[in-house]
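What follows is a short report on a single structure.
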2 protein chains.
Amino acid sequence: MESQDLRKAGLKVTLPRIKVLEILESAQQRHMSAEDVYKALLEMGEEIGLATVYRVLTQFEGAGLVSRLSIEGGHAVFELEDGSHHDHLLCVRCNQIEEFIDEVIEQRQRAIAAEKGFQMTDHSLYIYGICRNCQS
Amino acid sequence: MESQDLRKAGLKVTLPRIKVLEILESAQQRHMSAEDVYKALLEMGEEIGLATVYRVLTQFEGAGLVSRLSIEGGHAVFELEDGSHHDHLLCVRCNQIEEFIDEVIEQRQRAIAAEKGFQMTDHSLYIYGICRNCQS
DNA sequence: AATATAAATGAAAACCTTTCTCATTTACAC
DNA sequence: GTGTAAATGAGAAAGGTTTTCATTTATATT
């Protein structure tokens with residue numbers, strides 16, 4: 001029942017929003033660009049404009065329903081927010097994305113922010129590399 | 001004697017390259033976007049095209065003279081390469097950038113990449129927050 | 001159930017940073 | 001000095017994202 005999530009987020013329940021949420025929840029890939037979502041909608045037979053996809057994703061981000069990753073190379077990808085913070089490993093060959101959490105790193109980051117007098121609001125850590133499959 | 005640095009890097013010694021290097025070395029801000037460099041050149045009375053600034057910065061990056069930081073929000077900033085790897089703390093209010101190194105984090109990153117079967121090529125860590133000055 | 005109103009949408013244009021094209025100029029090797 | 005490959009400038013193009021504005025839609029109100 002996606003409508004509930006939308007309502008809870010203070011967003012009107014509209015077809016584009018329902019469909020985008022559906023895509024994100026049922027997609028085989030957890031990380032999708034706006035373009036990916038747009039194409040998935042088309043395949044689903046929904047004629048929703050790309051501008052609307054961008055708007056909806058941005059609103060979802062504001063509402064805490066998704067997070068935006070600003071990958072190197074310009075375009076952003078989105079993932080459903082599940083409450084668990086994590087960082088990312090990106091394959092520079094196949095663009096596959098893996099997630100990881102490391103409490104030691106988290107802790108060190110907090111310590112560094114404190115040390116420098118920063119009130120930390122966020123952080124982003126990307127490890128770039130060649131994944132197992134692409135090393136052959 | 002910037003010409004030496006350029007020659008060593010295998011780059012022809014041209015006015016745009018000398019001037020861009022001069023800007024980077026003498027700038028009050030260590031982190032500059034292509035646009036920043038371009039404007040500084042104009043103020044200096046040098047009529048160097050923006051496209052050239054981009055080209056020169058990209059070549060400098062290739063030559064190891066500067067590093068490119070891909071800050072969230074689209075545009076890149078460059079810093080003179082001094083051989084020391086480091087990560088960055090960014091103030092979300094005033095955009096000031098501080099640098100830090102943490103060997104524990106570096107180590108954990110290597111360990112995580114290895115664990116996931118990734119051959120690490122690079123990594124980027126940004127801590128976002130409000131700096132001491134902006135907290136008042 | 002009908003209506004009013006503010007919000008959401010679609011399509012296309014605008015934006016912004018960065019890259020490319022191509023004719024012209026320049027640095028450097030000979 | 002001269003030739004040649006490389007570098008430059010100006011503007012066009014690219015690519016992802018946002019904005020504009022007229023039209024449609026969801027929801028609160030009668």
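The structure presented is a predicted model; accordingly, all values stated were derived computationally and were not measured. Quick note on labels: first sequence line is chain A, next is B, and so on, each numbered from 1.
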Euclidean distance, atom CD of residue Q59(B) to atom C1' of dC20(C) [Å, nearest integer] | 14 Å
Between R7(A) (CZ) and dA26(D) (C1'), how many Å, whole number?
-> 10 Å
Between dA8(C), dG10(C), dT17(D), which nucleotide has the shortest distance from any of its atoms to the side chain of I48(A)?
-> dG10(C)
Select from R17(A) and V13(B) the residue whose nearest nucleotide in DNA chain C is closer to the 5' end of that strand.
-> R17(A)
A51(B) side-chain proximity, nearest of dA10(D), dT8(D), dA11(C) | dA10(D)
Find the distance L15(A):CG to dA26(D):C1' and express it as a whole number of Å.
-> 12 Å
When you get a sec, tell me which of dT9(C), dT17(D), dG9(D) is the closest nucleotide to the side chain of A76(A)?
-> dT17(D)
Return no unless some side-chain N or O of T52(B) is found under 4.0 Å from OP1 or OP2 of dA7(D).
-> no
Linking I/L/V/M/F/W/Y whenever their side-chain heavy atoms sit closer than 4.5 Å, directly or via other members, would L11(A) and L41(A) fall into one cluster?
-> yes
Rounding to a whole Å, what distance do you find between I18(B):CD1 and dA27(C):P?
-> 9 Å
Polar pair under 3.5 Å, donor/acceptor by atom type, side chain R55(B), base dT21(C) | yes
Between T14(B) and dA6(D), does any side-chain N or O lie under 4.0 Å from OP1 or OP2?
-> no
Among Q29(A), H88(A), R68(A), find the residue that satisfies the side-chain contact (heavy atoms from CB on, under 4.5 Å) test when tested with E79(A).
-> H88(A)
Between CD of E61(A) and P of dT17(D) the distance, given in whole Å, is 12 Å
Taking atom C1' of dT19(C) as reference, at what distance in whole Å does atom CD of E35(B) sit?
-> 15 Å
Roughly, in whole Å, what's the span from CE in M32(A) to P in dT17(D)?
-> 14 Å
Which of these nucleotides, dT27(D), dT17(D), dA6(D), is closest to any side-chain atom of K12(A)?
-> dT27(D)
Run the numbers on K19(A) and E43(A) for salt bridge (charged side-chain N to carboxylate O under 4.0 Å, His left out), then give the verdict.
-> CA-CA 12 Å; K19(A) 292 301 174 188; E43(A) 278 169 26; over 6 Å; no
Atom CG of L11(A) and atom C1' of dT27(D) are separated, to the nearest Å, by 14 Å
Do E98(A) side-chain atoms and C91(A) backbone N/O form a donor-acceptor pair below 3.5 Å?
-> no
Donor-acceptor side-chain pairing of Q135(A) and R93(A) below 3.5 angstrom | no
Among dA12(C), dT18(C), dT9(C), the one nearest any side-chain atom of Y54(B) is dT18(C)
Quick note, L50(B) side chain, CB onward, closest among dT18(C), dT8(D), dA26(D) is dT18(C)
